[in-house]
Undergrad: 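One structure is given below, represented as structure tokens, and several questions about it will come after.
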Amino acid sequence: MKPLIIVGTGLAGYTLAREYRKREPNVPLVLLTDDDGAFYSKPRLSNAFKDGKSADQLLQMPADEMAKQLNATILTGVCVSMIDPQANTLLVDGQTLAWSKLVLACGANPVRLPLAGDAVDQVLSVNNRLDYASFREALIGKRSVVLLGAGLIGCEFANDLAGHGFAVTVVDCAPHPLGRLLPVEGGAALQKRLEQAGVRFRLGSSIARVDRSAASLKLTLDDASVLDADMVLSAVGLTPRAELATAAGLAVQRGIVTDQMLQTSHPDIYALGDVVQIDGWVLPFVLPLMAQARALAATLSGQPTPVHYPAFPVTVKTPACPTVICPPALGIDGQWLNKTLPDGWRGEYRSTGGELHGFALMGETAIRDRLLLAKQIKDWLPVLPHLSTTECLPA
Amino acid sequence: MFRQYLCEICGHIYDEALGAPQEGIAPGTRWEDVPDSWVCPDCGVTKSDFGLCES
């Protein structure tokens, strides 16, 4: 019997494997990865410094134990060079592997800004446990860090590092932090709290060059001003790792295009997690990934199940300003209704009819309402009517 | 009365009534008695990323 093959052993690949095994204990299952295949908690990478955790301490289960637990074969350190969509095979380090169904859970790579200068190779990104190990090592003996990007990951790292005495400056071309998720008042509130925690911001600016200087690194901004830093960490977004799918002729736009069953343009190939584009969206967040893994496990065991995307509140791990954001779907006509609280800020995104479509909560008082508000929001990406008759898992 | 705690990162629920027998935590184990070394079985974050579900 040909196995189900999953490419990728990140949170997407392993969560799918776990959910699949709950339904199909015995179908042959193979997972492939180009790294060491260890299970670790990716959401912890951007604030593990405060817990004093090394990369090894973040490792929760090595690949051989995962293989035992999942009753699966896990091939680590391998390179998948080609998918043959006619023969339903993969080429892995020169060897041909046949699959019954294939799932692409290859994740995403950090976006690299097009920078000039002779120290561009010194710009780090942290997108997996091994990156985190390099980052921890590079921080030894350093004092100042410049973060490129004031998004979710950038703000989390900024708070984590500033809390440890590093001089942190965040540079972003947006006018306020979390520019894509928050209205200006919310962004300003978050910025103020992070500044009180010692983080400096250079907003409305971008970096043009990174060069070596005698003491450390010299960053030149677009207005020709200069910042000195011992280290530069880039967190400016992710780009789906869709090269294999593109080469195999699957439909790919920003990510691998799938329908609501996570089926690609090939009937036996599926995709989930950061690599996927659904209804025009890429959703590099944990909650949608979990919903995808549960639904896809059902689909792969013979119960076709479209993915429900309930409202997904995103926790921003910035202890200086505990924040939860439930972004409104794009294209919803509405406005932010803001309220400043003694210990924070609260915004509700409501349509003209008053219906709640999103929210942002900051501070201890506001975030208590996260569940209450999330329940009032309809499915974020509604299941298409012709799919909704199929049996669906509870949200 | 047993309480439930929600993983604010991935949505996993720890129900005190059910415990987490697969990880050696008996049914009926109170949240405060769950060891700090315990991690979310779905996404791996620590207890500090869980919040009480008030329904």
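Protein chains get the first letters and strands the later ones, always in sequence-line order, with residue 1 at the start of each.
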Undergrad: Most heavy-atom pairs under 4.5 angstrom with chain B, which of A:A48, A:P288, A:A293, A:P43?
TA: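 Top option by heavy-atom pairs under 4.5 Å: A:P43.
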Undergrad: Could you tell me whether A:R346 and A:E348 make a salt bridge, using a distance below 4.0 angstrom between a side-chain N and a carboxylate O?
TA: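 Yes, charged N to carboxylate O under 4.0 Å.
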Undergrad: Is it true that A:Y309 and A:W281 have ring centroids separated by less than 6.0 Å?
TA: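 Between A:W281 and A:Y309, which both carry aromatic rings, the centre distance is not below 6.0 Å.
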Undergrad: Under a 4.5 Å heavy-atom cut-off, does chain B meet the side chain of A:R370, its backbone, both or neither?
TA: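 Just the side chain, heavy atoms under 4.5 Å.
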Undergrad: Parallel, tilted or perpendicular: which fits the ring planes of A:F285 and A:F312, with parallel below 30° and perpendicular above 60°?
TA: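 Rings of A:F285 and A:F312: tilted, as their planes differ by 30° to 60°.
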Undergrad: Given heavy-atom pairs under 4.5 angstrom as the criterion, report whether the side chain, backbone, both or neither of A:F39 touches chain B.
TA: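 Contact with chain B involves the side chain of A:F39 alone.
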Undergrad: For B:Y5, which of B:F50, B:Y14, B:W31 qualifies under ring pair (Phe, Tyr, Trp, His ring centres under 6.0 Å)?
TA: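 Running ring pair (Phe, Tyr, Trp, His ring centres under 6.0 Å) over B:F50, B:Y14, B:W31 with B:Y5 returns exactly one hit, B:W31.
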Undergrad: Should the pair A:E156-A:K317 be classified as a salt bridge under the 4.0 Å nitrogen-to-oxygen rule?
TA: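 So A:E156 does not pair with A:K317 through a salt bridge.
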Undergrad: As an exercise: rank A:T315, A:L372, A:I367 by heavy-atom pairs under 4.5 Å with chain B and give me the winner.
TA: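 The option with the most such pairs is A:T315.
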Undergrad: Given a strict heavy-atom distance threshold of 4.5 Å, which part of A:L11 is in contact with chain B: side chain, backbone, both, or neither?
TA: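 The side chain, not the backbone.
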